[in-house]
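Below, read A as the first sequence line, B as the second, and so on, with proteins coming before strands; counting in each chain starts at 1.
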Protein chains: 2
Amino acid sequence: MAVPRAAKTQRRTRIQEEKEERILDAALDVFSSSGFRGTTIDQIAEVAGMSKPNLLYYFRTKEAIHRTLLERMLFTWLDPLQAFDADGDPESEIRSYIRRKLEMSRDFPRESRLFANEILQGAPHIEDELKGPLKALVDEKAEVIRAWIKAGKLARCDPYHLIFSIWATTQHYADFDVQVRAVLGERRAGEGRFEDAARYLEQLFMSGLKIGIQSEP
Amino acid sequence: MAVPRAAKTQRRTRIQEEKEERILDAALDVFSSSGFRGTTIDQIAEVAGMSKPNLLYYFRTKEAIHRTLLERMLFTWLDPLQAFDADGDPESEIRSYIRRKLEMSRDFPRESRLFANEILQGAPHIEDELKGPLKALVDEKAEVIRAWIKAGKLARCDPYHLIFSIWATTQHYADFDVQVRAVLGERRAGEGRFEDAARYLEQLFMSGLKIGIQSEP
DNA sequence: TGATAATTTGACCGGTTGGTAAAAACATAC
DNA sequence: GTATGTTTTTACCAACCGGTCAAATTATCA
């Protein structure tokens, strides 16, 4: 009897781990650029270099692959915001948050697009995660920001929209990559665009929030 | 002989115009939330309240509907940037550009999501539009911004990334609407969120670009 | 080595999908 | 009325899609 995913040995074999990883990597490729419904198992199988039934031996359904990817992604997604430290000072905390998020757009664009796709379609698979853990985390960090404002370390502003604007501007470079490249043209669309973006965003947010500037009482 | 779309009369009849409009509206609904491949003709037909073959009498293929929507959308999409006036002053021009883009996110979220979907999938249908007309327009406006900076009316910054950041922050409220609502919670997710966003973004960009502030020579 | 379990394959299935054909139903002009 | 052109419907098809099954192949280990 061939029960998938090694029910007998319980411990996953080397070959299982490798194949599952290859499948998830291929699936991330396809899902992130075609969305859930736009992706076929055959496409994933082809990218992963195996037959469809073989792939389905490791993941029983298309949904199972997608679910696994979303779970992994959400975890790393919340990570930078977790690191936001109430005891740090606003300047370095916000600055490094922006930098980290931008690095994620540069290094994990597929994950960003997978997330964007999911949200665009109305977040059918992760609505609970958004309303639960994500909201809780943002609420917590918004409170931190509010405290900084009260302490006069930051310009008065809506903490939620501040967070939204950091998400939007940084993820833009992953999600709208094609557009960014098209507009910048070949000459400026190299890897340097991320450093340019970092410089610009730092300036925008730092002086936009009047961090380190004591003008206007 | 029944040639679709009135080849004989040449002029489109009232009934044709109405039906085509209904189809496009329904298609915008479905395409914007499911992407091209994720959308079925049957879904569009059902939302439009007609049978699939009847729908295909007005648009011969799924692609034809999609193409029509994208063309229309691109036109209105570039409109606010067109309005960017070199002879105006930076403060009011940028301020009103942000306001307009945000209004578009509020009033035409489906169009925004249609565009986002297309870009996410690598812009297969509009790559030429991006590299041609869009790039040309942005190049032109970037030059305007550069001139403002040279004239000391604006903080020194990369004009392209300035434009990107306005796109990103404003469109975020349409494309990531589900997430925004989830995070804000029921209490704050009403229509007022757009006014909050407008206030916040105005502050961010106005003081971020040091418009009207003469600190630091 | 052989026995046993894990992996891979090819053939297949029912449902869906984009799209067609032809004729029925409807509108319009004379 | 009838003739002509337009719109809608019914029935259909071939390709595709997610997933199953049983048999064949390969790895593991006593």
Side-chain angles (χ1 to χ4, degrees), chain A residues 1-24 26-27 29-31 33-70 121 124-125, chain B residues 1-24 26-27 29-31 33-70 121 124-125:
Chain A
M1 206 220 300
V3 177
R5 319 194 70 193
K8 274 275 170 50
T9 31
Q10 206 62 356
R11 210 164 55 74
R12 286 161 70 223
T13 67
R14 194 196 80 263
I15 199 169
Q16 275 175 354
E17 232 158 295
E18 274 179 20
K19 290 276 162 97
E20 284 176 17
E21 221 47 50
R22 251 173 60 198
I23 292 169
L24 288 173
D29 255 38
V30 189
F31 278 135
S33 66
S34 301
F36 180 75
R37 291 217 44 202
T39 294
T40 72
I41 301 183
D42 279 298
Q43 283 173 352
I44 301 174
E46 202 197 318
V47 175
M50 60 181 79
S51 67
K52 179 169 66 171
N54 196 185
L55 182 150
L56 286 165
Y57 171 73
Y58 293 101
F59 291 89
R60 274 202 278 270
T61 62
K62 189 169 95 167
E63 276 234 23
I65 310 175
H66 193 246
R67 203 180 322 123
T68 306
L69 281 177
L70 276 181
Q121 332 234 317
H125 305 100
Chain B
M1 204 222 300
V3 177
R5 318 194 72 195
K8 275 275 170 50
T9 30
Q10 206 62 356
R11 210 163 57 72
R12 286 161 71 224
T13 66
R14 195 194 81 260
I15 198 167
Q16 276 175 354
E17 232 159 293
E18 273 179 22
K19 291 275 163 102
E20 284 177 16
E21 220 47 51
R22 250 171 63 197
I23 292 170
L24 288 172
D29 254 39
V30 189
F31 278 134
S33 65
S34 301
F36 180 75
R37 292 217 45 200
T39 295
T40 71
I41 301 183
D42 279 299
Q43 283 172 354
I44 301 174
E46 201 197 317
V47 175
M50 61 181 80
S51 68
K52 179 169 65 173
N54 195 186
L55 182 151
L56 286 165
Y57 170 74
Y58 293 100
F59 291 89
R60 274 203 278 271
T61 63
K62 189 168 95 166
E63 276 234 24
I65 309 176
H66 193 245
R67 203 181 321 121
T68 306
L69 281 177
L70 276 180
Q121 331 234 318
H125 304 100

Got a sec: does the CD of A/Glu46 have more than 12 other heavy atoms crowding it under 6.0 Å?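 At most 12 heavy atoms, drawn from other residues, nucleotides or ligands, come within 6.0 Å of this atom.
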
Over all strands shown, is B/Thr40 touching base, sugar-phosphate only, or nothing at heavy-atom distances under 4.0 angstrom?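 Sugar-phosphate contact only - B/Thr40 comes under 4.0 Å of backbone atoms but never of a base.
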
Need one value for A/Lys52: base, sugar-phosphate or nothing, where a base atom within 4.0 Å counts as base even if backbone is also close, heavy atoms only.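 Base contact - A/Lys52 has a heavy atom under 4.0 Å of at least one base atom.
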
DNA chain D: A/Phe36 or B/Lys19, which has the more 5' nearest nucleotide?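 Whichever sits nearer the 5' end wins; that is B/Lys19.
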
Which of these nucleotides, [options], is closest to any side-chain atom of [X]?
| X | options | result |
| --- | --- | --- |
| A/Thr61 | D/dT9, D/dG19, D/dC17 | D/dG19 |
| A/Leu56 | C/dG10, D/dG19, C/dT17 | D/dG19 |
| B/Tyr58 | D/dG19, D/dT8, C/dT9 | D/dT8 |
| B/Gln16 | C/dT8, D/dC17, D/dT7 | D/dT7 |
| B/Tyr57 | C/dT9, D/dT6, D/dC17 | D/dT6 |

Once you round it to whole Å, what is the distance between [atom2] of [N] and [atom1] of [X]?
| X | N | atom1 | atom2 | value |
| --- | --- | --- | --- | --- |
| B/Glu18 | D/dT8 | CD | P | 10 Å |
| B/Ile23 | C/dG18 | CD1 | C1' | 15 Å |
| A/Ile41 | C/dG15 | CD1 | P | 17 Å |
| B/Ile44 | C/dG18 | CD1 | C1' | 11 Å |
| B/Phe59 | C/dT20 | CZ | C1' | 19 Å |
| B/Arg22 | D/dT7 | CZ | C1' | 13 Å |
| A/Asn54 | D/dA24 | CG | C1' | 13 Å |
| A/Lys62 | C/dG15 | NZ | C1' | 14 Å |

Considering the options B/Val30, B/Thr39, B/Leu55, which one meets the side-chain contact (heavy atoms from CB on, under 4.5 Å) requirement together with B/Ile65?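 Going through the options one by one, the only one that passes is B/Leu55.
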
When you match A/Arg37 and A/Ser51 each to their closest nucleotide on DNA chain C, which lands nearer the 5' end?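 The residue whose closest nucleotide sits nearer the 5' end is A/Ser51.
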
How long is the gap from CZ on A/Arg22 to OH on A/Tyr58, to the nearest 0.5 Å?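 Answer for the CZ-OH pair, A/Arg22 versus A/Tyr58, is 9.0 Å.
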
Once you round to the nearest 0.5 Å, how far does OG of A/Ser33 lie from CD of A/Gln43?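 It is 8.0 Å, given to the nearest 0.5 Å.
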
Could you check whether any side-chain heavy atom of A/Arg67 comes within less than 4.5 Å of a side-chain heavy atom of A/Leu70, counting everything from C-beta outward?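 Counting from C-beta outward, A/Arg67 and A/Leu70 never come under 4.5 Å.
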
